[in-house]
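One structure is given here, and the rest of the page talks about it.
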Amino acid sequence: MTKKRIRRNAHFKRLHEILICLFLITATLSVYWQANKFDFVNFDDNDYVTDNLHVQAGLTPKNIIWALTTTHASNWHPLTWLSHMLDFQLYGMNPGQHHMTNVLFHILNTLLLFFVFRKMTDNVWQSGFVAALFALHPLHVESVAWISERKDVLSAFFFMLTIWSYTLWAKQSLRSGYFLALLFFVLSLMSKPMVVTLPFVLLLLDFWPLNRLDLKWPKNYSNCPQKKSVYHLIWEKFPFFVFSTVSCFVTFFAQKKGGAVKSFEVYPLMVRLSNALHSYLKYIIKLLLPHKMAVLYQHPGILPLWETVGTLLILLSISLFSIIGIQRRPYCTVGWFWFLGTLIPVIGIIQIGSQAMADRYMYIPSIGIFIIMAWGVPGIVSNLSFKNIFLSLFATVFLLILGLFTWKQLHYWKNSIMLFERAIAVAPYNAVPHNNLGNALKEIGRVGDAVKHYRKAIRFKPDYYEAHSNLAGALEKTGRIDEAISHYMEALRITPEFEQGHYNLASLLNNIGRTDEAIKHYFEALRIEPNFEKAHNNLGVALVNRGDVAAAEFHFKEALRINPNYTLAKNNLQNLLNLHE
């Protein structure tokens, strides 16, 4: 091949890369642009933004220290907190801009995924198809459209940069690439600990497409200058495994402290294993046939033994097929075990929360299935005389269908009412969506409708203490005081350490003149959460009513210490001081 022809081919490759990048950006924006009109939702967004005083104070030295040390929201992910602080500093309470930051990261992740596989495989079109599937698949809507899931798109950004840097080390022996990969891996862990499996992903990539493993096969895609034994490759990643291990311990501690980790009494081991197997199969089905997607999938509990055994046999058969074909179809082996392995932290063996599975968990694991599709479909039709035409039509139609599904699924995230009405349509007997829909309806003044959904939530889950408390608040608004008190008391009977329940009951009791009982519950709320500034303020008001001026002054000052911008506490303190000058 002449130098001129080589230059011409290189020129066409660069042109193709530019066109693919433009397509990926345009297609992603065309689907996700509507998110700039979306609201915050009443599902974790309050913890992460709307009620979080640290986030709303912006990037101050005090808040940076808080982000690095807190386990708020049952996780340690300081970079995620810092990104929310920066967003709030830039955009305030404009939810559309917070959404668009997520969209920006999704676009960057898509482009990085393309360039990573382009560099590793030297195949432009398959790499572009993997990236396009990643950009447009509706299972990724939850990770992008949910402001609280910034941790997904942020951790994936550093995940991609880790693989990019590692590729520089693997293909060009650049020592700086290794240390950059380690740095980006740590940053990814500091965004979301689910990426603890990344060292295993690197081992898979060593096999294919980097071809670093010391075997006679598979086909050399990367012209890697040297191969290593499996022991060398594992030892090479020892620092990555160390950081993964530390992250696992920190995460378990944070989630245990936050009460997110469920005991084996609640979910026995066999129930967890059965749900994990079913979830793997359901994820595959949703990837190939996206349908009935919702923000929360209720845990099914005990499943029939025959279903569990059948699911296990299906997964084992696929695994066996991928291993048998490892020499001829290395991409199937890598893609399948990428999918299986990266889901392990969230598959439910360690049960976090009450969900069976979640769309957001597929943000990175789905790439494994996309790899199989991108390299497998061309292999299946390799003998067709019109192969290129078929592949072009297949890619166009499939991506168009995915884009339409994603557009429709994204629309449900417009606000809390639409989000939870959709969740109820998918799973009518799930208590959490009914409770959250009740909250959204109560916020816009539809208290009667809210009461109906709170009652449904309690009917489906009688020990749902938050629904009891929310129902009590709605009943209080309609003047049904005795019934409201009984539901507050039931919430506290179920969960005595429920500080918001003590606070709500105290406020109601104080309003109807039962001051001593109110003070008792305010103190309980502060015992559980000493930095509850509203409880300090309202306790101060109750103490003033009882004539305990010195104690009231102390609690007003405590409220202002916690939140210096708390106008109500500031006014109450000033009025108190003016009265006793």
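Owing to the predicted nature of the structure, the values given are computational and were not obtained by experimental measurement.
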- prompt: Do the side chain of T162 and the main chain of F158 share a donor and acceptor less than 3.5 angstrom apart?
  reply: yes
query: Could you walk me through whether Q409 and E142 pass the side chain to side chain contact (heavy atoms under 4.5 Å, CB included) check?
result: CA-CA 9 Å; Q409 183 63 23; E142 185 169 293; over 6 Å; no
field: Straight-line distance of I417 CD1 to L441 CG, nearest 0.5 Å
entry: 5.0 Å
field: Min side-chain heavy-atom separation K557-L560 under 4.5 Å
entry: no
query: Side-chain contact, heavy-atom cut-off 4.5 Å: T251 with K192?
result: no
message: Less than 4.5 Å apart, side chain to side chain, heavy atoms only: is that true for K37 and K414?
response: no
query: Can a donor-acceptor pair be found between the side chains of Q574 and N578 at a distance below 3.5 Å?
result: yes
- prompt: Taking side chain as C-beta onward, heavy atoms only, is H77 less than 4.5 Å from K151?
  reply: yes
field: Exceeds 12 heavy-atom contacts within 6.0 angstrom, atom NE2 of H72
entry: yes
message: With a 3.5 Å distance limit and no angle check, can you tell me whether N102 reaches the backbone of E149 through a side-chain donor-acceptor pair?
response: no
- request: Over 60° means perpendicular and under 30° means parallel, so classify the ring planes of F43 and W146, tilted if in between.
  value: parallel
message: Do K461 and Y464 form a cation-pi contact, if we require the NZ or CZ to be under 6.0 Å from the six-membered ring centre and within 45 degrees of the ring's axis?
response: yes
query: Counting N and O atoms only, with roles assigned by atom type, does the side chain of S30 sit under 3.5 Å from a partner on the main chain of A27, one being a donor and the other an acceptor?
result: yes
message: Is it the case that the side chain of T495 and the backbone of E497 share a donor-acceptor pair, with hydrogens and angles ignored and the cut-off at 3.5 Å?
response: no
H502 ring center near Y522 ring center (under 6.0 Å): no
message: How long is the straight-line distance from CG of L402 back to CG of L139, given to the nearest 0.5 Å?
response: 9.5 Å
message: Let me confirm one number: the OH-CG distance from Y297 to N430, rounded to the nearest 0.5 Å.
response: 11.0 Å
- request: Would you check if W76 and M190 make a side-chain contact, meaning some heavy-atom pair closer than 4.5 Å?
  value: yes
query: Taking the six-membered ring where the residue is Trp, are the ring centres of H291 and F405 under 6.0 Å apart?
result: no
query: Is the backbone of V271 close enough, under 3.5 Å, to the side chain of N275 for a donor and an acceptor to pair up by distance?
result: no
task: Begin from the C-alpha positions of Y454 and H468 and carry the test ring-ring contact (aromatic ring centres under 6.0 Å, His included) through to its verdict.
output: CA-CA 7 Å; Y454 290 140; H468 279 287; over 10 Å; no
- request: Measure from the side-chain N and O atoms of S188 to the backbone N and O of S155, and report whether any donor-acceptor pair falls under 3.5 Å.
  value: yes
- request: Would you name the heavy atoms of V549 and L576 that are closest together and state the gap between them?
  value: CG1-CD1, 3.7 Å
- line: Here the gap from L112 atom CG to I163 atom CD1, rounded to the nearest 0.5 Å, amounts to 10.0 Å
message: Whether R493 and E490 form a salt bridge (side-chain N of Lys/Arg under 4.0 Å from carboxylate O of Asp/Glu) is what I want to check.
response: yes
- prompt: Does the side chain of N538 pick up a donor-acceptor pair with the side chain of Y503 at under 3.5 Å?
  reply: yes
- request: Determine yes or no for a side-chain-to-main-chain donor-acceptor pair under 3.5 angstrom, with S486 supplying the side chain and E483 the backbone.
  value: yes
- request: Before giving the answer on side chain to side chain contact (heavy atoms under 4.5 Å, CB included), spell out for N42 and K442 the whole-Å C-alpha distance, their side-chain angles and the decisive distance to 0.1 Å.
  value: CA-CA 12 Å; N42 64 2; K442 184 169 68 174; over 6 Å; no
- request: Quick one: do I364 and M194 satisfy side chain to side chain contact (heavy atoms under 4.5 Å, CB included)? Show the steps, please.
  value: CA-CA 10 Å; I364 288 174; M194 182 181 164; 5.5 Å; no
query: Which pair of non-hydrogen atoms, one from L24 and one from T28, has the smallest distance, and what is that distance?
result: O-OG1, 2.6 Å
field: Non-hydrogen atoms of Q56 and V49 that approach each other most closely
entry: NE2-O, 2.9 Å
query: Considering all heavy atoms of both residues, which atom of I494 and which atom of P462 are nearest to each other, and what is their separation?
result: CD1-O, 3.9 Å
query: More than 12 heavy atoms of other residues, nucleotides or ligands under 6.0 Å from NZ of K570: is that the case?
result: yes
- prompt: Is a donor on one side and an acceptor on the other found under 3.5 Å between the side chain of N52 and the backbone of D47?
  reply: yes
message: Which label fits F38 and H99: parallel for a plane angle under 30°, tilted from 30 to 60°, or perpendicular past 60°?
response: perpendicular
query: Just by modelled atom types, is the W66 backbone N or O under 3.5 Å from a matching donor or acceptor in the N63 side chain?
result: no
- prompt: What orientation do F105 and F157 show, parallel under 30°, tilted 30 to 60°, or perpendicular over 60°?
  reply: perpendicular
query: Does one side chain, of Y283 or D359, offer a donor that lies under 3.5 Å from an acceptor on the other?
result: no
- line: Value for NE2 (H434) from CG (N439), rounded to nearest 0.5 Å, stands at 13.5 Å
query: Are N504 and S507 linked by a side-chain donor-acceptor pair shorter than 3.5 Å?
result: no
query: Of all heavy-atom pairs between Q255 and S74, which one has the smallest distance, and what is that distance?
result: CG-O, 2.8 Å
query: Considering residues, nucleotides and ligands other than M489, do more than 12 of their heavy atoms fall under 6.0 Å from its CE?
result: no
statement: Between F134 and H140 the two heavy atoms that sit nearest each other are O-ND1, 2.8 Å
task: Could you grab the distance from atom CG of L539 to atom NE2 of H555, nearest 0.5 Å is fine?
output: 4.5 Å
query: What orientation do H106 and Y32 show, parallel under 30°, tilted 30 to 60°, or perpendicular over 60°?
result: perpendicular
- prompt: So, S247 side chain and F243 main chain: donor-acceptor pair closer than 3.5 Å or not?
  reply: no
- prompt: Strictly by modelled atom types, are Y363 and H137 linked by a side-chain donor-acceptor pair under 3.5 Å?
  reply: no
message: Can you confirm whether V426 sits close enough to M293 that some side-chain heavy atom of one is under 4.5 Å from a side-chain heavy atom of the other?
response: no
- prompt: Is there side-chain contact between L59 and F88, with heavy atoms separated by less than 4.5 Å?
  reply: no
- request: Using distance alone, with no hydrogens and no angle criterion, decide if S148 and D45 have a side-chain donor and acceptor under 3.5 Å apart.
  value: yes
message: Could you go through K520 and E517, starting from their C-alpha distance and side-chain angles, then the distance that decides it, and tell me whether this counts as salt bridge (charged side-chain N to carboxylate O under 4.0 Å, His left out)?
response: CA-CA 5 Å; K520 174 186 172 183; E517 294 175 75; over 6 Å; no
message: When you compare the side chain of V41 with that of N415, does any pair of heavy atoms fall below 4.5 Å?
response: no
message: Under a plain distance cut-off of 3.5 Å, with no hydrogens placed, do T515 and N545 share a side-chain donor-acceptor pair?
response: no
- prompt: Is it true that the side chains of Q355 and Y361 contain a donor and an acceptor less than 3.5 Å apart?
  reply: yes
task: Assess whether side chain to side chain contact (heavy atoms under 4.5 Å, CB included) is satisfied between L53 and E533, documenting all intermediate values.
output: CA-CA 11 Å; L53 298 178; E533 73 271 13; 3.3 Å; yes
- prompt: So, W164 versus F184, ring centres under 6.0 angstrom or not?
  reply: no
